[in-house]
Amino acid sequence: MTADAALEALNAGRLAEAEALLRDLVSRSPAQAETLARLIYNRAVDAFTRHGAAAAEPLLREAFAVAPALPEIRRSLAEMAFRRAWESQGAAAAQAAWEAAVLWPGLDADLGAPVAALAHRLHDAAIACAATDPLLACRPVLAAWGLCRHGGTNYATARSLFVHLGTGELGKEITAEEFEALLAQDAGDLVALIGLSNLHRRARRLNQAESLCRRALAQWPDNPFAMGRLASILAEQGRSRSADALFLELGRQYGGVEAAIRLSPDFIAPLRADPPPVAPGPKHADLVVMAGCDAGYFHRFSDALANSLAKTCPRVLLHFHVIGADDEVLARLAQLRERLPGLPIRLSSEPLPDLPPDQLRTYFACARFLRLPDLLAEYQRPVLMLDVDMVVLRNVAPLAEQVRQENADLALVQGEHRDPWCRLWADIILAAPTPRTMDYLSMVRNYIIHFTQAGQAAWFLDQIALFAVQTAGFDDRAAPKMLQWPTDIQNSSTDHAYFWSLHVSQPSNVWADQSDFYLSVKA
């Protein structure tokens, strides 16, 4: 039997005979696969006209298996998947949307499915199933970013999913065996490569983690999610200049948090500045507790913080730094002083800066760092800087004594995870007024100022600044000695923890200040 016989049957309109001949021919030689696929496709079109999508889809999948490159087949299957995505929810929607994007990345208005609409659906489908199936969620959000790379939302969501993939921090944990099974099917599976790298990194197998990221970049050159994971792995190994080059490139192309990460000593060195002049401090306080916030946060949280300090900590002075302080702030401050006569309370303030809303939120979190070196110089006492939505559970004098006994300059919580934005926590910092502390915090202040003035005040800028200056600011001289406080110093058992934080900067905790415990402290 030859291709001529199949062609003769086709031209004569004997379609069933032509298809049977072609099936036999293709089983021995794939040269006629496209012709066979078109015959099956035509039957699918007829089935769709007569009986709808349910009858046509099996034939389309059969045609796709024969000739997967034919545009009309891919397009038809993509349209069906896209329609299922719109009609489904959760994991089913994510799977269907992912199929649509893979089958036909160029879905356009001719299908009634503009690229932007598909990307939006992919993104929403990923969010819907991220908690229950993070592995599946990464695929549609990756496709969403591929379709619309100019939008920040798709990039930010994909970046977050890939940072946490497999770890259980965002959705369920995924085992190394699950990732390895995917790689056995497709050695270039970007999602599996990054996920497995995350697991090796958490297990401190940094060489394997790095190798997997480089393997991902070999398959997917310049992919920002593999590049970002690699940059953090390099930073964790102390390879700050190599990490800096990757973060710099990511920031240039995509913005976001990476735009505020610079780990090169050459970048940090110009941020050095002479420390502020020293002035005599108040003799009636052994420790200064400082919190910074905007006027709204001051009204919400200042009462509880002040009450907890007055109850637990003798011989401390409380200093609030408020951005946009108004007459109501002054009135509340007077009420605090009247109610708590044994707790000295001071206030400094500054006007609201002219910043976009998203960067203004970051500035509110960072402004205390801009003030901290001056307060250390003014008070000449250790300063314990706290989030304003925190309460103090017990006397913090032992923490100050730790710093004194160890001849340390600073103490702060060091996170269990080592990405630049979450390695050093900014919510609890005890700073002694030493030259090395002043040197360090002056650079931290200038780092924050640099990125705020550049319009790159990304969330976590304060914690990035702490990490970047520690990493790259002391190539040529002694770094400050830091005590590493464990994470359970706060929000753990109230029998042992020193602090309790609402963490209201996290959207999920926006109503946390209505809890019975917090209200009892605030009253």
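Below, each value reflects all heavy atoms present in this structure, side chains not excepted, and no hydrogens, waters or symmetry copies.
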Identify, with sequence neighbours excluded, every residue that meets salt bridge (Lys or Arg N to Asp or Glu O under 4.0 Å) alongside [X].
| X | answer |
| --- | --- |
| Arg202 | Glu169 |
| Asp475 | Arg241 |
| Glu177 | none |
| Asp303 | Arg332, Arg339 |

Tell me which donor-acceptor pairs under 3.5 Å the side chains of residues 450-463 have, and how far apart each pair is, sequence neighbours excluded?
residue : atom : partner : partner atom : Å
Thr452  : OG1  : Ile448  : O            : 2.8
Gln463  : OE1  : Ala426  : N            : 3.0
Gln463  : NE2  : Trp421  : O            : 2.7

Item to check | Qualifying ring-ring contact (aromatic ring centres under 6.0 Å, His included) pairs with a residue from residues 197-220, counting only residues at least two apart or across chains | outcome: none
Under the rule for side-chain contact (heavy atoms from CB on, under 4.5 Å), what residues qualify as partners of [X], not counting sequence neighbours?
| X | result |
| --- | --- |
| Ile345 | Leu318, Phe320, Leu333, Leu336, Arg337, Leu343 |
| Leu352 | Ile323, Phe364 |
| Leu483 | Gln402, Val403, Glu406, Ala408, Ala411 |
| Ser160 | His164, Leu170 |

Just distance, no hydrogens or angles: give the donor-acceptor pairs under 3.5 Å from side chains in residues 225-234, sequence neighbours left out.
residue : atom : partner : partner atom : Å
Arg229  : NH1  : Asp419  : OD1          : 3.3
Arg229  : NH2  : Asp419  : OD1          : 2.8
Ser232  : OG   : Asp419  : OD1          : 2.7

Next on the checklist: My understanding is that only residues two or more places apart in sequence, or in another chain, count here; which of them pass ring-ring contact (aromatic ring centres under 6.0 Å, His included) with His123?
Outcome noted: none
